[in-house]
Amino acid sequence: MPEGHTIHRAARDHEQDLRGQPVRISSPQGRFDAEAVAGPEGEARLLRVEACGKHLFYFFEGEQIVHVHLGLFGKFKRRRSPAPEPRPTTRMRLEGAKWTIDLVGPTACELLTDEEMGELMARLGPDPLRDDADPAAFYRYTARSRAPIGAILMDQSRIAGVGNVYRAEVLHLEGIHPDTPGSKVPAEKLQALWLLIVGLLRRGVEEKRIVTTRGLTLEKPRERVSRSESFHVYGRKECRSCGGEVVRYMLRARSVYVCEACQPRVEDGEG
DNA sequence: GCGGTATGCCTAA
DNA sequence: TAGGCCTACCGCG
C-alpha cells in the first residue's frame, strides 16, 4: 500500500479523526518513546497532520513533531475507541475520543525538531500531491540526466511519492520504456508524465488504493477485482492493453515491469 | 513450520 | 551492489 497516496490519505483521515483533541499516545511495542511526546500524562493535543512524499508529520502541541515513514511493511489500523488490545508489534497507538489509530511495522516513527523536519523536507523532490509542488526541478534534472527514467521516478529527491507500482504504470501509460535515459524523454512527454502522476495519485487518495485502469471500480465492486487487474503491467504476466508479454527485471534492486510492445526501448545514443 | 515475497530505503564497501 | 531492517501473509510440505 504505501506509496504517496497512502500517506496523504492517512494525513487527511488522521486529521479528521484526531485533530484538535487530546490524544493518548503509547507504544505497546515499546520501541517508540511516547512519553517524550505526551509527557507523564500520556496525552497531547494534535494540531495538524502533514504529508510530503512518503513521509507523515504529526504536529502536537509543544512543538512536538512525530515523523512516520511506513517503509515497505508499515501499516495503519483504525479502530473505534475504546479499541481492543493492540497487537504486541504496535509501534505507536494514537487514541482519540472516537477513533484509535495503530501503527505497525514502520521504518521510522520518531520525534523530530522543527529543524530536523526541515532538513528532511529539503531532501525531497516536488510531491505531485501537494498544492505547492513545482515540477520545474524535476523537469530540469530529468532533461539533463542519463539515469533511466525508471530510476528517476523512484528517486525521492527528484519526485516524492512515486513508488514501484505507480512507476510501472505511468511509464506504461505514457509508452515509455523504464530504461530510457531521462534526457531522451521529450519535454512534452515528461510534462504529460507529471500530470498523469498527479491525476493517478489523487485518484489513489480518493479510492484508498492504486487504480490505473479506467473506470474499473465502477464496473465491479472493489473486493472482486484482484490487484493485478487494477494494473496494466505491474505484477502481471501479460499486458492488459495488448496482451503481450510483460517483462520483469531488476533495476536498482527493485522489480520493473514493462511491456516492450507498448513501451519501445530507446537507445542511449546521440540526439 | 519454513521460505519466499512485498507498494521502501539506508548504509557499508 | 549486497545486506539489513521492519511485519504479515501465502504456498508448500
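Sequence lines set the chain letters: A, B, ... in the order given, protein chains first and strands last, and positions in each chain run from 1. Remember, it's a predicted structure, so these values are computed and weren't measured experimentally.
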Integer-rounded Å distance: [N] [atom2] and [X] [atom1]:
| X | N | atom1 | atom2 | result |
| --- | --- | --- | --- | --- |
| A/Met154 | B/dC9 | CE | P | 7 Å |
| A/Lys75 | B/dT7 | NZ | P | 12 Å |
| A/Ile210 | B/dG8 | CD1 | C1' | 13 Å |
| A/Met250 | B/dG8 | CE | P | 12 Å |

Over all strands shown, is [X] touching base, sugar-phosphate only, or nothing at heavy-atom distances under 4.0 angstrom?
| X | result |
| --- | --- |
| A/Thr89 | sugar-phosphate |
| A/Gln29 | sugar-phosphate |
| A/Arg31 | sugar-phosphate |
| A/Arg87 | sugar-phosphate |
| A/Arg252 | nothing |

Which value, in whole Å, describes the distance between the [atom1] atoms of nucleotides [N] and [M]?
| N | M | atom1 | value |
| --- | --- | --- | --- |
| B/dT7 | C/dT1 | C1' | 22 Å |
| B/dA13 | C/dC5 | P | 15 Å |
| C/dA8 | B/dC10 | C1' | 22 Å |
| B/dT5 | C/dG3 | P | 15 Å |

A/Arg80/A/Asp17 salt bridge by N-O under 4.0 Å criterion
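So A/Asp17 does not pair with A/Arg80 through a salt bridge.
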
Can A/Arg265 and A/Asp179 be counted as an ion pair, charged N to O under 4.0 angstrom?
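Salt bridge: yes.
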
To the nearest 0.5 Å, tell me how far A/Glu43 CD sits from A/Leu94 CG.
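One gets 12.0 Å once the value is rounded to the nearest 0.5 Å.
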
Can you tell me how far the CG atom of A/Asp155 sits from the CZ atom of A/Arg252, to the nearest 0.5 Å?
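Reported value, rounded in 0.5 Å steps: 8.0 Å.
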
Here's a test of your reading of the structure: between A/Ala253 and A/Phe73, which maps to the more 5' nucleotide of DNA chain B?
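With A/Ala253 and A/Phe73 compared, the 5'-side residue is A/Phe73.
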
For DNA chain B, find the residues of residues 7-17 of chain A with a heavy-atom distance under 4.0 Å and give them by number; none if there aren't any.
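None, since no heavy atom is under 4.0 Å.
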
Using a 4.0 Å cut-off on heavy atoms, which residues in residues 112-120 of chain A reach DNA chain B? List them by number, or say none.
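DNA chain B contact set from residues 112-120 of chain A: none.
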
With a sphere of 6.0 Å drawn around CZ of A/Arg202, does it hold more than 12 non-hydrogen atoms of other residues, nucleotides or ligands?
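Open: at most 12 neighbouring heavy atoms sit under 6.0 Å from CZ of A/Arg202.
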
Covered region of DNA chain C, 5' end to 3' end, by chain A [heavy atoms, under 4.0 Å]
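That gives a stretch of C/dC6 to C/dA8.
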
Aromatic ring proximity A/His172/A/Tyr257, centre distance under 6.0 Å:
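Centroid separation for A/His172 and A/Tyr257: 6.0 Å or greater.
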
Taking the six-membered ring for Trp and the single ring otherwise, decide whether the centroids of A/His14 and A/Phe76 are under 6.0 Å apart.
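Distance test on ring centres: under 6.0 Å, yes.
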
Under a 3.5 Å cutoff, is there a donor and acceptor pairing between the side chains of [X] and [Y]?
| X | Y | result |
| --- | --- | --- |
| A/Ser26 | A/Arg93 | no |
| A/Ser81 | A/Thr100 | yes |
| A/His232 | A/Glu169 | yes |

Can you label the angle between the A/His5 ring and the A/Tyr166 ring as parallel, tilted or perpendicular, going by 30° and 60°?
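Judged by the thresholds at 30° and 60°, the geometry between A/His5 and A/Tyr166 is perpendicular.
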
Parallel under 30°, tilted from 30 to 60°, perpendicular over 60°: which one fits the rings of A/Phe57 and A/His55?
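The rings of A/Phe57 and A/His55 lie parallel, inter-plane angle below 30°.
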
